[in-house]
Amino acid sequence: MSSTSPPETTSSRLDRGRVLTAQGLAWRADWVRLKTVELVEIAGSGHYSSVFSCAEIFAALYYRALRLDPKDPQWADRDRFLLGKGHAAIGVYPMLADLGFFPDDWLADYARVGSRFGDHPDMRKIPGIDFSSGSIGHNLSVGVGMALAARKQCRDFRTVVMIGDGELNEGQVWEAAMSAAAFDLGNLTVIVDENQMCLDGSVSAVMPVEPIVDKWRAFGWAVTEIDGHDPSSVIEALDALPATDSSVPTCVLAHTRKGAGVSFMDLSLHWHLGYLGEVDRADAEAEITARMEAGTSVPGGSR
Amino acid sequence: MSSTSPPETTSSRLDRGRVLTAQGLAWRADWVRLKTVELVEIAGSGHYSSVFSCAEIFAALYYRALRLDPKDPQWADRDRFLLGKGHAAIGVYPMLADLGFFPDDWLADYARVGSRFGDHPDMRKIPGIDFSSGSIGHNLSVGVGMALAARKQCRDFRTVVMIGDGELNEGQVWEAAMSAAAFDLGNLTVIVDENQMCLDGSVSAVMPVEPIVDKWRAFGWAVTEIDGHDPSSVIEALDALPATDSSVPTCVLAHTRKGAGVSFMDLSLHWHLGYLGEVDRADAEAEITARMEAGTSVPGGSR
Amino acid sequence: MTETTDPRPGLRDARSWNMETSLPLMYSFVHGEELADMADDRDDIMVLTADLATSNRTNDFQHRHPDRFVDLGIAEQNMTSVAAGLASAGFVPYISTFASFAALMCAEQIRTDLAYPQMKVRVLGHHSGISFGFYGTSHHATEDIAITRAIAGLTVVAPSDAASTRALLRATVDEPGPVYVRMGRGREKPIYDSPPEVSRGRFQLVREGVDLTIIATGIGVQGAVGAAGLLAAEGIEVRVLDALWLKPFDVDGVLAAMSETGGILTVEDHNVMGGLGSAVAEVIAESGGSTRFRRHGIQDEYALIGPPTHLWRHYGLDPAGIATRARALLGS
Amino acid sequence: MTETTDPRPGLRDARSWNMETSLPLMYSFVHGEELADMADDRDDIMVLTADLATSNRTNDFQHRHPDRFVDLGIAEQNMTSVAAGLASAGFVPYISTFASFAALMCAEQIRTDLAYPQMKVRVLGHHSGISFGFYGTSHHATEDIAITRAIAGLTVVAPSDAASTRALLRATVDEPGPVYVRMGRGREKPIYDSPPEVSRGRFQLVREGVDLTIIATGIGVQGAVGAAGLLAAEGIEVRVLDALWLKPFDVDGVLAAMSETGGILTVEDHNVMGGLGSAVAEVIAESGGSTRFRRHGIQDEYALIGPPTHLWRHYGLDPAGIATRARALLGS
Ligand SMILES: Cc1ncc(C[n+]2csc(CCOP(=O)(O)OP(=O)(O)O)c2C)c(N)n1
Ligand SMILES: Cc1ncc(C[n+]2csc(CCOP(=O)(O)OP(=O)(O)O)c2C)c(N)n1
Ligand SMILES: [Mg+2]
Ligand SMILES: [Mg+2]
């Protein structure tokens, strides 16, 4: 797997607000898509589309917004990132490798017997994973615990939890939301990847979650809405996160499209899980690569 | 235990909207308080204050609003009442006996070995109990199932679920709320007994749930606010529930006071559970009885 | 709800598949179809799922009885208690989700809202054991037998293939209380040619033998049958019992195996603490007698990840692995 | 949080009590106090509860270390996963709620967020068994041993009184993974004069004897000691073992009881399916030997309601009831 470390990753400790242009972010997001396609090929099945909707956000977090140290993954002051929608971990692994958390070639046995890397992220096996996930709905609670720990330890790390829009069906998310507001956790951010789909189809048809903004506000959170495929919009929102000593937790509601970036998956009802045979994989890769070469980004807009 | 069946209970089938004046309701609510004090005496411990906050609502439901048949407790078309805050069941038992669901003397062994009547209501043992409870947070889901069943069976029964304000901490309540709105269950009503206290003290100190109105609205419910100790306010709200074929579920947010009706319990931090020795019991009974004789009601207002 | 449109728009490679086109891969997930058939004859059956209709093929039911199908979204606990409400009004709801979420996440709802009040809800916990392979521990369920067996008033069954799935669904539809159906990943090869005549609380005799009894459940049955074949070639005749019913439990079947065969090996893709092996151990220990006995399964650890078939081999749940344990037991 | 004001305003009768004044009734709930002492010496201990600080006396800790105490409100699952987050950052959180909610409602969170990733969270499940008396099944926990024992990587201990509560809290504070502490209702009479020297994974010998071994846990120990007294008067010498550790389990202790005494009776206020009795049965059955053996406890049913002490008598968990089972076993 090729490594394309941007210049800002040469020092071991990575600060918040690293240089990443809108164009660089678009490129990186498509790189995440490409790597996801590659890894799914090893396993024979995977969640392409759940990564595609949040690829720009992944890239913005790992290449700009999060304070990290690839050589010291347990660094107590690192920002935490939790992936409530753990089935999108396949998009995170390549970034961690690229940033130097572990060698690229570790990924070669993705999903094989005894591999560290499965469909869901495993904190005990993978350097750089801050908590395991897989059961949708748990991670925001875990994030509350981390943000609370920061307060108790007087540390200024930030905790960011990305969850799906279907994940909003889970009651534990609302327990966590309520407690985060009660504990004044301005150092906690939730990013809702509002890609409009869950597993059985569209969220609005299966179990509607609208109005999402009103829900988070009613639970005591500040809400920012962004176009999750527009690089500038994503960068701005993450740059504008409140100081970690502030007291209102932030919800970034990212309007996205499940499968965005590969036309035949874009908002398709059937692509929560799947596999691309050679021909279709080539098509998908060509579509992604063309954008990377042209320096363009996935069309924005949520519909 | 004395029976004071109002005239409208002579026929076996009880319709919605039975005659019950504001004064009659106040009297009945205090009767519920008295009976609760009596029953706790048998067990040696009990949840007086959780009944006291919703005594007016209990009375309005059972003596006016709910369609029931004490001689046919399993009547398919009866309205359903579920007590999410099951620890207040001790206030329901005397009403069921009074309405003729079972003989008064069944209550004599309250909480003793093998009794049908424990701290929490048991649908398999007690005629008139529509579902068991005890684990806070489950019953709204059960109510969604019942309301959905009514739809599937083309029946016009109404399902009313009473929950506590502390109960709003439980995520399952929000799962249920979301699904009720999705299923257009206008035949479902939740009554939130907003008595300002949970077990460890005041809800706002333990795990705040405000703004309650915004939460229910954001979850797709219509909200009516009432003074839960003002008889007219309670009657009006229940009379105004939408037709069962309507499509928006209703939340009646009842502002109440935990322990209302006995001055030393009224909003006390320490009375979630307890026991009154003889002298204090006499004081409590005197306070309640005085109101019943004077034809007055518990002072309204939530603080 | 799965809106149906062209399932392969834009695809050109025949090897490509997506959720919709992968449904036939889950060929032993016949419950949607079977329940749809049953629902043709009675109007109380409903099917509920939690955003997994396409994963567990309950959409086979949905297509035929859309009015009696409900998708609750990703809210398994709500689904369980909603089913209780439906059951209280006379429905027989079948709720379906991954075994890990059915039995672990909803343990309290099953106990409190279904089993104690005896609601006729049937819980279909699919993808049990380690059949989720590289999805990892969050999706494995090697605790569900222990949990469900400890719940009083709950019937627990475990089909080993498509035919026994049909048989058990039919056999338990009128159970007065709730039922937990422990299911695999939908790719179980046939053990039975047609739905077997099952008998409540009885093991199913799959193969006769006197040298040893293997009592297996779920995916373990496939391995046990294979192992019996391997051992037969060595002159060891193995009785293979399929523990289709985990509760009520076949006490007589265990006692007979003790007295009639040379030992008992239990096989399960479940923690040996609290699973099938423990149920058998209870009977052996309280009988006052003794026999050669070993519990084979997951030894109180979390499984590695990997493709399920590879994992079964790794944990010795394939014919060769089971045969090895059988030989060791007989040699001990 | 319990705001402290006059706890008895307006009360005149000395027999009257409320939440605040009832705290001394839970005299064996010494965990709040013990943890507060431990927290004096180390800054990583935290205590969390779910609106039950006044019910489980964790407010003893709250008063001394308010900054390390968190009340999550009535949200047990959130509490469990929040504790996981705290543990990942270096804290050792003790979370406390009724056993029914700890072990059943939070089974999946314990497995997935605590045990699999080996978080140092300690789950205090109090009011286990049928100790909640007339609160009924929703508040009883006769399934929690089965559930927690099936969870790999989870240590399970069960104090039988105040002194063993202190001993077990100290003994497990540095366990690398999570711990489930199965506790009673807070009114357990002393078994030990002072905190016993406990040994990881070992039964505690409470009384020596050769005619029979009673292995008991929790409230059962009190009954077993009483039963041993009754039986001694009849010339039957009973060894009483306190199963303070349910996992890891004292295999050697069981084997010794098999070979050295005339039989084994297990006693627990838990379903005999999957509880202490099953753990003992596993050892007996796999030993290849035999002994007189009976599992005494809740026989796969839901308990009646009633005052706890009356219920224990009803279910034969009092000295007389246990002695009767012991005599029957020896006579069998
Ligand atoms: C508790 C739980 N229930 C069910 C699943 C199975 N599941 C995996 S992904 C998924 C859909 C997720 O939808 P969403 O949260 O919108 O995430 P997306 O993939 O759209 O980003 C489901 C139901 C799970 N992993 N966890
Ligand atoms: C799931 C669950 N957790 C905890 C409890 C213990 N408990 C009983 S009542 C109570 C407080 C309830 O507060 P609220 O819902 O406001 O009801 P109120 O008594 O004030 O009407 C608690 C925590 C329970 N019964 N169920
Ligand atoms: Mg989505
Ligand atoms: Mg309250």
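In the text below, chain A, chain B and the rest are named by the order of the sequence lines, each starting its count at 1.
- Only the backbone of C:Glu301 comes within less than 4.5 Å of a heavy atom in chain D; its side chain stays farther off.
- Ring geometry, D:His139 versus D:Phe98: the interplanar angle falls from 30° to 60°, so the pair is classed tilted.
- For C:Gln77, the part lying near chain D is the side chain, with the backbone staying farther off; criterion is any non-hydrogen pair under 4.5 Å.
- Listed options C:Ala146, C:Ser278, C:Gly274, C:Ala279 were ranked by heavy-atom pairs under 4.5 angstrom with chain D; first place goes to C:Ser278.
- Residue C:Val157 forms a side-chain contact (heavy atoms from CB on, under 4.5 Å) with just one option from C:Thr148, C:Thr217, C:Val179, and that option is C:Val179.
- One side chain, D:Ser96 or D:Asn56, offers a donor N or O that lies under 3.5 Å from an acceptor on the other.
- Note on C:Asp300 versus C:Arg295: no salt bridge recorded, every NZ/NE/NH1/NH2 to OD/OE distance being 4.0 Å or above.
- Looking at heavy atoms from C-beta onward, D:Thr213 lies out of side-chain contact with D:Met258 at the 4.5 angstrom threshold.
- Of the listed residues C:Thr112, C:Ile151, C:Thr291, the one with more heavy-atom pairs under 4.5 angstrom with chain D than any other is C:Ile151.
- With a 4.5 Å cut-off on non-hydrogen atoms, D:Ala115 touches chain C through its backbone and its side chain both.
- Highest contact tally toward chain D, considering only C:Gly153, C:Gly136, C:Gly289, is held by C:Gly289 [criterion: heavy-atom pairs under 4.5 Å].
- For C:Val272, the part lying near chain D is the backbone, with the side chain staying farther off; criterion is any non-hydrogen pair under 4.5 Å.
- In this structure, the side chain of C:Arg111 engages the main chain of D:Thr137 through a donor-acceptor pair within 3.5 Å.
- For the set D:Glu143, D:His270, D:Gln299, the entry with the most heavy-atom pairs within less than 4.5 Å of chain C is D:Glu143.
- For C:Ser287, no part lies under 4.5 angstrom from a heavy atom of chain D.
- Considering only heavy atoms from C-beta on, D:His127 stays 4.5 Å or farther from D:Ser100 through its side chain.
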task = Check step by step if salt bridge (Lys or Arg N to Asp or Glu O under 4.0 Å) holds for D:Arg149 and D:Glu282.
result = CA-CA 13 Å; D:Arg149 230 175 60 88; D:Glu282 291 169 7; 2.6 Å; yes
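- When C:Phe101, C:Tyr116, C:Phe293 are compared by the number of non-hydrogen pairs under 4.5 Å with chain D, C:Tyr116 comes out ahead.
- Contact annotation for C:Phe249: neither backbone nor side-chain heavy atoms come within less than 4.5 Å of a heavy atom of chain D.
- Chain D forms the most heavy-atom pairs under 4.5 Å with one residue out of C:Gly263, C:Gly277, C:Ala107, and that residue is C:Ala107.
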